[in-house]
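Step one of this worksheet: look at the structure below.
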Protein chains: 2
Amino acid sequence: MDALAEYFKVFSEPNRLSVLDALRAGPLNVTAVVEKTGHSQALVSKHLKLLTIAGVVRRRPEGSLVFYEVIDKSVFKLLARAEKLMLTAKRQQLDALAAIL
Amino acid sequence: MDALAEYFKVFSEPNRLSVLDALRAGPLNVTAVVEKTGHSQALVSKHLKLLTIAGVVRRRPEGSLVFYEVIDKSVFKLLARAEKLMLTAKRQQLDALAAIL
DNA sequence: AATTAAAACAACAGCATCATGATGCTACGT
DNA sequence: ACGTAGCATCATGATGCTGTTGTTTTAATT
């Protein structure tokens, strides 16, 4: 239960999520992620490290560049499922509100 | 992207996850959750409030008791998927570790 | 009305996390 | 060997979250 919470924590940060999303189409090196996300280099590097430690992303040095890529693309299915759940949750909230009025 | 991160944050806390898990079998009142989880009453109340605001759980007063129940049980599928992903991720981590040694 | 049990609220201390700016470190080209 | 680009790390300040204690509300019971 503890480990699961930590795993969810990986995806509970907007900037980290955007870094992960930048890798959706395929591997990118750090600078490319920086440009794609608009975040500072230090920040991107940090989040990529976290994602690597979490086992979500793989680090692959190539010459003087370092490429990162998503290991198991089914993480995006997780994101999609969460998004769907979130939407229905919000709708339920509205329904609950309507039931009161 | 922001909202998604916040939604994930709901599940990124061990105690909150255990509170949610306590409601897996069905509705419970606060005291029952307290007994099932072993957490303090105040803490349980707090987490239940959060889960309610997040739209994961529904609050239903009944007499002097207040029952809580999971609105959409497919949240547990989200948890299961995350757990699965986590396990494969950990294996990949071990492999990566082994590649270094 | 007073009492009691259940649940929520408030204030506080402690802790973790995040973003930034600066600095270090590698690998490559000249 | 030197300079540079790419990436990682460090130290710091700021912010937010968690859990506890103590109090308050709500509802039922006598």
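Side chains included, hydrogens not; waters and symmetry mates left out as well; all remaining heavy atoms used. Computed from a prediction, not measured in an experiment: that's the story for all the values here. Numbers restart at 1 for each chain; the letters A, B, ... are given by sequence-line order, proteins then strands.
- The base of D:dT20 lies close enough to the side chain of B:Lys46 for a donor and an acceptor atom to sit less than 3.5 Å apart.
- Contact annotation: A:Ser64 does not reach the phosphate of C:dC28 (side-chain N/O to OP1 or OP2, under 4.0 Å).
- One N or O on the side chain of B:Ser18 and one on the backbone of B:Asn15 form a donor-acceptor pair closer than 3.5 Å.
- Using a 4.0 Å heavy-atom criterion, one finds that B:Tyr68 contacts the sugar-phosphate atoms exclusively.
- A straight line from CG of B:Leu48 to P of C:dA6 spans 16 Å, rounded to a whole angstrom.
- Residue B:Leu48 is tested with B:Leu23, B:Leu43, B:Leu28 for a side-chain contact (heavy atoms from CB on, under 4.5 Å); the sole match is B:Leu23.
- Backbone-only contact: B:Ser40 has heavy atoms under 4.0 Å from sugar-phosphate atoms and none from a base.
- With the nearest nucleotide of DNA chain C identified for both A:Leu43 and A:Glu62, A:Leu43 has the one nearer the 5' end.
- Taking atom CZ of residue A:Arg60 and atom C1' of nucleotide D:dG6, one finds them 16 Å apart after rounding to whole Å.
- Between the CG atom of B:Leu51 and the P atom of D:dT18 there is a distance of 11 Å, given to the nearest Å.
- Within 6.0 Å of CD in A:Glu69 there are more than 12 heavy atoms belonging to other residues, nucleotides or ligands.
- What separates NE2 of A:His39 from C1' of C:dT20 is a distance of 13 Å, to the nearest Å.
- The interatomic distance linking B:Arg59 (CZ) with C:dA6 (C1') rounds to 11 Å, in whole Å.
- Considering only side-chain N and O atoms, A:Arg16 lies nowhere under 4.0 angstrom from the phosphate OP1 or OP2 of C:dT17.
- Rounded to an integer number of Å, the gap from B:Asn29 CG to D:dT26 C1' is 15 Å.
- Atom NE2 of B:His47 and atom C1' of C:dA8 are 15 Å apart (whole Å).
- A chain of hydrophobic side-chain contacts below 4.5 Å, direct or via other Ile, Leu, Val, Met, Phe, Trp or Tyr residues, connects A:Val66 to A:Val70.
- Contact annotation: side chain of B:Gln41 to base of C:dA8, donor-acceptor pair present below 3.5 Å.
- Nucleotide C:dC18 holds its C1' atom 15 Å from the CG atom of A:Leu17, rounded to whole Å.
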